[in-house]
Chemist: 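Just passing along the structure, written as C-alpha cells.
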Amino acid sequence: MKKYRKSANYQESSQAVGLDIALKVVSFITGKEHLHYGYWNEINVNLENLGKAQEAYTEHLFKYLPKGKNKKKLKILDIGGGSGQIAKYLVDLGHQVTIVIPSSILAEHAKKNTMDRAKIHLTTFEDYMPDKDITFDLCLYAESFQYIPIKIALKKAAQLLNENGEILIADCFRSKQEHTGIFRKPGGGPSLESMESEIKRQKFEIIAKAEITKAVAPSIELEQQFYNTIGFCINRIIRSLKTTRPITLKVLGILYIILLNKRRRLRLEDRLFEKTRSKDLFLRYNHYMIFKLKPPRK
C-alpha cells in the first residue's frame, strides 16, 4: 500500500493527541470512526443512536456539495479530515479526495478507511503544499475550521480553488453571549461576528448559510453523560480505597495535586462530576453554522 505524504517540518500537536483519543472512544461506542457532532433531527437522543446521528450529519452536509451538470465528479480537499470517514463516502461517490490531517494515527485510519483511494498529507493546513498546478473544486472544513485562524483558513483555501471552486464549512462559532468563570463553556471556535466580518473583508460571496445548532446540540449532553460515567467509576474506586488501601489513596491524592495545578483540577472535576455541559448552555454560547462560500474572481 502507498504511504501517505508527510510534511518535512511535521510535529505532532496536542490537538492531534486529543483527536486520537476521541477516535478510540467514539469507535468503541459506535463501531464507527466519525469525529463530529450528530444531527439529531427526528432521532431519539441516546448513546445507541449516536452513530446514526453522525451518519445523518454527513448526509445533511452532502446536500451542500457543489452540483454541476451530469453529476460532475469533484476534486475535493478535505481539510482536517479526521479518520477519513467523510472522505470514504466522497470517494464512494466517485469524487477525487485529498486529505490534510495533523495526526499520524488518524492518517493511518484515513488510509485504511478510504482503501488507499484518497491522497493523504500528514501536515497542518498552514504547512500544506499541494502538488504542482493542482487546484480543487471544493475545500471542505467539517469541524476543522475552528482550529485554523480565520484569515488563513479562508485566504489559503481560496488560493487552492479553481475558477469555479467553493469552500464548504460546517463548524461551531461563538455567540455574543458573555462568559465568566474558569470552567470552559461547551462548544468552541471563533466568534460568528468575526467570521462574518472576515467573509466580508475578503469579499467572499455567500452561496448558502444555515444554522443547525439545535440539531447538533444534544451531542453535548451525551458527551456529558459519558464523562459523568467515568466520574462515577472514579468515585466508586475512591470509596473502596478509603477502607481497603488508605495509604495508596493518599499517595494517589498527592500525585494528583503535584501533576495538575488547581485550575486544571477544578476543570477536570467539573467535567467528571458535574452537569455543566448541557444542551441549553451549548445553545447559549454557540452557533453551529454551515457556510458555502465562493471567493472573488481571481
Chemist: Quick one: list whatever passes side-chain hydrogen bond (donor to acceptor under 3.5 Å, both in side chains) with Tyr288, sequence neighbours left out.
Modeler: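 If we apply the side-chain hydrogen bond (donor to acceptor under 3.5 Å, both in side chains) test to Tyr288, skipping adjacent residues, the hits are Tyr57, Glu143.
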Chemist: Sequence neighbours left out, what pairs pass salt bridge (Lys or Arg N to Asp or Glu O under 4.0 Å) with at least one residue falling in residues 40-51?
Modeler: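 Found none.
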Chemist: So, using salt bridge (Lys or Arg N to Asp or Glu O under 4.0 Å) as the criterion, who are the partners of Arg201 when residues are at least two apart?
Modeler: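 With neighbours one apart ignored, the set is Glu198.
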Chemist: For Thr213, which residues count as a side-chain hydrogen bond (donor to acceptor under 3.5 Å, both in side chains) partner, sequence neighbours excluded?
Modeler: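 Thr213 satisfies side-chain hydrogen bond (donor to acceptor under 3.5 Å, both in side chains) with Glu211 only.
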Chemist: Is it the case that more than 12 heavy atoms not belonging to Phe62 sit under 6.0 Å from its CZ atom?
Modeler: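 Count over threshold, so yes.
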Chemist: Sequence neighbours left out, what passes salt bridge (Lys or Arg N to Asp or Glu O under 4.0 Å) with Asp92? Give chain and number order.
Modeler: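 Checked Asp92 against salt bridge (Lys or Arg N to Asp or Glu O under 4.0 Å); matches are Lys88, Arg117.
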Chemist: May I ask you to decide if the ring planes of His121 and Tyr128 are parallel, tilted or perpendicular, using 30° and 60° as cut-offs?
Modeler: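 Answer is perpendicular, since the angle exceeds 60°.
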Chemist: Which residues pass the side-chain hydrogen bond (donor to acceptor under 3.5 Å, both in side chains) test with Asn286, not counting sequence neighbours?
Modeler: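 Scan of Asn286 (side-chain hydrogen bond (donor to acceptor under 3.5 Å, both in side chains), adjacent residues dropped) gives Arg174.
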Chemist: Can you pull the side-chain hydrogen bond (donor to acceptor under 3.5 Å, both in side chains) pairs that have at least one residue in residues 217-237, sequence neighbours excluded?
Modeler: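 Only Trp40-Ser219, Glu223-Arg277, Tyr227-Arg271, Asn228-Lys275 qualify under side-chain hydrogen bond (donor to acceptor under 3.5 Å, both in side chains).
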Chemist: Write down the atom of Glu126, the atom of Pro149, and the distance for their closest heavy-atom approach.
Modeler: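 Residues Glu126 and Pro149, closest heavy atoms: OE2-CD, 3.7 Å.
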Chemist: Could you pull out all donor-acceptor pairs under 3.5 Å where a side-chain atom in residues 241-260 meets a protein atom, sequence neighbours excluded?
Modeler:
residue: Thr243; atom: OG1; partner: Ser240; partner atom: O; Å: 3.0
residue: Thr244; atom: OG1; partner: Ser240; partner atom: O; Å: 2.8
residue: Tyr256; atom: OH; partner: Glu269; partner atom: OE2; Å: 2.7

Chemist: By salt bridge (Lys or Arg N to Asp or Glu O under 4.0 Å), which residues pair with Lys209, not counting sequence neighbours?
Modeler: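 By the salt bridge (Lys or Arg N to Asp or Glu O under 4.0 Å) rule, Lys209 matches Glu196.
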Chemist: Could you list the residues that satisfy ring-ring contact (aromatic ring centres under 6.0 Å, His included) with Tyr64, not counting sequence neighbours?
Modeler: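 ring-ring contact (aromatic ring centres under 6.0 Å, His included) check on Tyr64 returns His60.
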Chemist: Which residues pass the ring-ring contact (aromatic ring centres under 6.0 Å, His included) test with Phe136, not counting sequence neighbours?
Modeler: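 Phe136: no ring-ring contact (aromatic ring centres under 6.0 Å, His included) contacts found.
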Chemist: Just jot down the salt bridge (Lys or Arg N to Asp or Glu O under 4.0 Å) partners of Lys279, sequence neighbours excluded, or say none.
Modeler: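 Lys279 satisfies salt bridge (Lys or Arg N to Asp or Glu O under 4.0 Å) with no residue once adjacent residues are dropped.
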